[in-house]
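Some notes on the structure that comes next.
Hydrogens, waters and symmetry mates play no part in the numbers below; they use all other heavy atoms, side chains included.
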Amino acid sequence: MRNRVAAEMADRPEAIFQDLGAAGMVDTLGVALTRPTCPVQPDQVEDVAAYIDLIRSRVEHLRKQDI
């Protein structure tokens, strides 16, 4: 799957595809979670409202782990 996605993204210069370890993933998610949310559909608005705090707390918990 990884190779298929990499191949599909190869023709998209605006896309960045790289392997991340666990620490890199946590850093990337942490940065993404500092940005404003952008749900569009009503179910997306509900899901973001319901789960954004949980996701932020899980990322913070992972940051404190020795990963």
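- M25 and V31 fall into different hydrophobic clusters, where Ile, Leu, Val, Met, Phe, Trp and Tyr are joined by side-chain heavy atoms under 4.5 Å apart, directly or via other members.
- Considering E60, H61, R63 as possible partners of V26, the one that fulfils the side chain to side chain contact (heavy atoms under 4.5 Å, CB included) test is R63.
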- prompt: Run the side chain to side chain contact (heavy atoms under 4.5 Å, CB included) check on L33 and I52 step by step: do they pass?
  reply: CA-CA 8 Å; L33 289 169; I52 193 72; 3.7 Å; yes
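- Applying the salt bridge (charged side-chain N to carboxylate O under 4.0 Å, His left out) test to R58 and every residue at least two apart in sequence or in another chain returns nothing.
- Screening residues 16-37 for side-chain hydrogen bond (donor to acceptor under 3.5 Å, both in side chains), with sequence neighbours left out, gives R2-D19.
- Criterion: ILVMFWY side-chain heavy atoms under 4.5 Å apart, direct or through other members. Under it, L20 and L62 are not part of a common hydrophobic cluster.
- At most 12 non-hydrogen atoms from other residues, nucleotides or ligands lie less than 6.0 angstrom from CD1 of I16.
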Donor-acceptor list for residues 40-51 side chains, cut-off 3.5 Å, not counting sequence neighbours:
residue	atom	partner	partner atom	Å
Q44	OE1	V40	N	2.7
Q44	OE1	Q41	N	2.8

